Amino acid sequence: MKQRVSALLRETLGREVVLEKPRDRSFGHFATPIAFSLAKELKKSPMVIAQDLASSFEESDIFSSVESVKGYLNFRLSESFLSEYAAWALQNTTEFAKGDKNGKILLEFVSANPTGPLHIGHARGAVYGDTLLRLGRHLGYDMTAEYYVNDAGNQIDLLGLSIQLHGRENLLDESVEYPESYYRGEYLDALARDAMEKFGFEIFHDESRRRELAMWAKDEVMKIIVKDLGDTNIFFDTFVYESTLYEDWERVMSKMGEGVYEKDAKVWIASESKGDEKDRVVVREDGRPTYLAGDIVYHNQKFERGYDHYINIWGADHHGYIPRVKAAVEFLGYDSKKLEVLLSQMVSLLKDGEPYKMSKRAGNVILMSDIVEEIGSDALRFIFASKKSDTALEFDLAEFKKQDSSNPIFYIQYAHARIKTILSKSSLSEEDILLAPLEGLGENADVLLFDALLLPEVVEDAFNSRQVQKLSDYLKALAALLHKFYYDCRIIGTPNEAKYLKLLMVVALSLKTGLGLLGIEAKEHMSKEDES
RNA sequence: GGGCCCGUAGCCUAGCAGGAUAGGGCGCCGGCCUUCUAAGCCGGAGGUCGCGGGUUCGAAUCCCGCCGGGCCCGCCA
């Protein structure tokens, strides 16, 4: 819709024009302050320019009116244009708001260590990534969702040892002491039980088999992680295991050429010359690679697989890590501008205004699965999709358990369910409804129709800006318009029944499509649950 | 000390490629069910857009400097 308008403006005015949505509906559907920027070069007042420009659109059948007001150019789309577009959308529901973008994008997200279940911070990155994935795919991009499994390094040994300690304590009744940095939590007891069944109790004392235990355990933990993600409608296409990457190390190192060097019996990357604070060690004195080494091989592998663009979603605490990975990418001979790192900030939780208590059972973290159990996947997804991912977020669980307008997810789903209910109560056939022309609707209905048809622009904007909250905000606003329309306007049994129902079908389509892009199911009907 | 993010009504926030009276929501106050689900709608009070400069016809938005908060600054991952 906006593209059509933009194209027409470009054609008529011979230049690219900024189009915005006017604050006040009475100004029309779209507006541009173009006359202000032209004022200087034409040496005329913005009012006069806007007047002149407005008159050059008189012929267009897309617009019903083009007016100049205080220097702004305000456009009002014609009913026939909106009506045609709406009819097309209802005939092609699965195509609505889809784009024709090209390009292969590799999106890496979550990538939490396979040493324990996901916590609430992981959940945010997971939801953010998955929402971008859905948006990008809807727009036509060929996107791959990838999880990088850090199954090498100290934390894996620590996982093995932690299970041994849990096994000794809980299953063998030995008294053990957990040093500060060991893994804790209920899942370890379960892993220890399974380990005893599989390997026998000797496994808890055999230091030489710790690695074997750990490699088994990380696969078990990954099963938990994959399940938690699946419960939130998040699915990955590929998993890349760090442990499989190192065989490629020699080749990758030589590929970096002068980007790496030896000093003090260690191998360093010359990242300082590429904007990092200092050079970094990639291989320690004892020959063990650092975490960065794995990431270098991994990113080399990513680029060798040949995508047009790469997006990584990292926890904000890793932001300092970006320059060194970008440096490595450049040493490898690739364009680091193709690698985009998005950050997902901290999450803190409240419950009824008090800080949410971390449970000992969970190992003093807030588990994603606990929160999903408490408020549901839909609410969790909506919360994380409602705020810029790179801003710290604090939210109160209680707010998302309420069943009224203070809970935005219920508010939106109620709007959708209301439409479905009213459609089912009408005696008109779908055919009758679809044949009705969307004309002469009146102001309220016109606003609703236009907003419902705005979804494509919102989707594209949300993806391009990587700000998924634009979609959730849009859905909230659209739901509000629907509720208002519903209240103001009697539908069934009026002469306008068919066209109003058609309008509502467009709104429902927009809500359902939008919710789907947020990974949330649009409910067909809602029944009030007992408050208990 | 350096880097990144943030500072908008009692609380949570939108807007931040400069543009028309700073939008919402929660909470608070007051209305609306013989009408398709009141899980809704309408109205009201509440703002020095952290502070100070600068750029501009125009700054919440851009630049500089402060103040305040969070995160990070490992040969951990």
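The structure presented is a predicted model; accordingly, all values stated were derived computationally and were not measured. Note on naming: letters A, B, ... go to the chains in the order of the sequence lines (proteins, then strands), and numbering restarts at 1 for each one.
- Pairing partner, B:G40: B:C32, with both Watson-Crick or wobble hydrogen-bond distances short of 3.5 Å.
- Remark: A:N113 in residues 109-124 of chain A come within less than 4.0 Å of RNA chain B through at least one heavy atom.
- Checking A:D228 against A:H122 by side-chain atom types alone, no donor-acceptor pair falls below 3.5 Å.
- Searching all strands for a Watson-Crick or G-U wobble partner of B:C66 with both distances below 3.5 Å returns B:G50.
- Rounded to a whole Å, the CH2 atom of A:W314 is 13 Å from the C1' atom of B:C72.
- The side chain of A:D473 has B:A14 as its nearest neighbour among B:A39, B:A77, B:A14.
- When the side-chain hydrogen bond (donor to acceptor under 3.5 Å, both in side chains) test is applied to A:D378, no partner is found at least two apart in sequence or on another chain.
- Comparing B:G23 with B:C49, their C1' atoms sit 13 Å apart, to the nearest whole Å.
- Nucleic acid contact class of A:A31 (heavy atoms, under 4.0 Å, all strands): base.
- The same atom, P, is picked in B:G74 and in B:A22; the two are 46 Å apart, to the nearest Å.
- RNA chain B is contacted by both A:K476 and A:K387; A:K387 maps to the nucleotide lying nearer its 5′ end (nearest heavy atom per residue).
- For B:A60 and B:C16, the P atoms lie 14 Å apart once the distance is rounded to whole Å.
- Here B:C36 presents its P atom at 19 Å from CG of A:N496, a figure rounded to the nearest Å.
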Short N/O separations, protein against nucleotides 4-6 of chain B, under 3.5 angstrom:
from: B:C5; atom 1: O2'; to: A:D390; atom 2: O; distance (Å): 2.8

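- As rounded to whole Å, 14 Å separates atom C1' of B:C36 from atom CG of A:D488.
- Remark: P of B:A39 and CG of A:D378 are 20 Å apart, rounded to the nearest angstrom.
- Contact annotation: A:R418 side-chain N/O to B:A38 OP1/OP2 distance is under 4.0 Å.
- Candidate nucleotides B:U37, B:A77, B:G40 were compared by shortest atom distance to the side chain of A:M526, and B:U37 ranks first.
- Side-chain to base pairing of A:D317 with B:A77: no donor and acceptor N or O lie closer than 3.5 Å to each other.
- The ring pair (Phe, Tyr, Trp, His ring centres under 6.0 Å) search around A:H29 returns A:F450, not counting sequence neighbours.
- Between A:Y291 and A:Y148, the ring planes lie tilted relative to each other; the angle falls in the 30° to 60° range.
- For the pair A:Y321 and B:G74, the criterion of a side-chain N or O lying under 4.0 Å from OP1 or OP2 is not met.
- A:I491 has its CD1 atom 12 Å from the P atom of B:C36, to the nearest Å.
- Looking only at distances, a side-chain donor or acceptor of A:D279 sits under 3.5 Å from a matching main-chain atom of A:E272.
- As judged by a 4.0 angstrom heavy-atom cut-off over every strand, A:E277 is placed among residues touching the sugar-phosphate backbone only.
- Residue pairs meeting the salt bridge (charged side-chain N to carboxylate O under 4.0 Å, His left out) criterion with at least one member in residues 459-471 of chain A, sequence neighbours excluded, are A:K101-A:E460, A:E340-A:R466, A:D461-A:K470.
- B:A77 atom P lies 15 Å from atom OH of A:Y182, rounded to whole Å.
- Nearest nucleotide to the side chain of A:Y487, out of B:A38, B:C41, B:C76: B:C41.
- Taking the P atoms as reference points, B:A39 lies 15 Å from B:C33, given to the whole Å.
- Across the P atoms, B:C5 and B:A17 are found 14 Å apart, a figure rounded to whole Å.
- Applying the salt bridge (charged side-chain N to carboxylate O under 4.0 Å, His left out) test to A:E220 and every residue at least two apart in sequence or in another chain returns A:K223.
- The shortest distance between the side-chain N/O atoms of A:R284 and the OP1/OP2 oxygens of B:C76 is below 4.0 Å.
- Every residue meeting the side chain to side chain contact (heavy atoms under 4.5 Å, CB included) condition with A:P33, not counting sequence neighbours, appears here in chain and number order: A:E20, A:F36, A:Y72.
- A:I419 has its CD1 atom 12 Å from the C1' atom of B:C36, to the nearest Å.
- Nucleotides B:A20 and B:A59 have their P atoms positioned 11 Å apart, rounded to a whole Å.
- For B:G15, the OP1/OP2 oxygens have no side-chain nitrogen or oxygen of A:K470 closer than 4.0 Å.
- Annotated as syn: B:C33, whose glycosidic dihedral is within 90° of 0.
- Spacing of C1' atoms, B:A45 relative to B:C28, comes out at 9 Å, to the nearest Å.
- Every residue two or more places apart in sequence or in another chain that forms a salt bridge (charged side-chain N to carboxylate O under 4.0 Å, His left out) with A:R288 is listed here: A:D286.
- A:R324 places its CZ atom 9 Å from the C1' atom of B:C73, with the value rounded to the nearest Å.
- Under the Watson-Crick and G-U wobble criteria, each requiring two contacts below 3.5 Å, nucleotide B:A60 is left unpaired.
- At the heavy-atom level, A:N464 lies nowhere under 4.0 Å from the strands shown.
- Remark: A:Y411 is in phosphate contact with B:C41, judged by side-chain N or O atoms under 4.0 Å from OP1 or OP2.
- In this structure B:G1 sits in a base pair with B:C73, meeting the Watson-Crick or G-U test at under 3.5 Å.
- Remark: A:A415 engages A:A479, A:L482, A:H483, A:L511 in a side chain to side chain contact (heavy atoms under 4.5 Å, CB included) (not counting sequence neighbours).
- For the pair A:C489 and A:T32, nearest-nucleotide mapping onto RNA chain B gives the more 5' position to A:T32.
- The nucleotide whose nearest atom lies closest to any side-chain atom of A:Q467 is, among B:G15, B:A77, B:G74, B:G15.
- Between A:F75 and A:L77 there is no side-chain heavy-atom pair separated by less than 4.5 Å.
- No side-chain heavy atom of A:Q413 sits less than 4.5 Å from a side-chain heavy atom of A:F382.
- The same atom, P, is picked in B:G7 and in B:U61; the two are 11 Å apart, to the nearest Å.
- If you take OH on A:Y182 and CG on A:L159, they are separated by 12.0 Å, rounding to the nearest 0.5 Å.
- With distances taken from any side-chain atom of A:H483 to the nucleotides B:A20, B:A77, B:C41, the minimum falls on B:C41.
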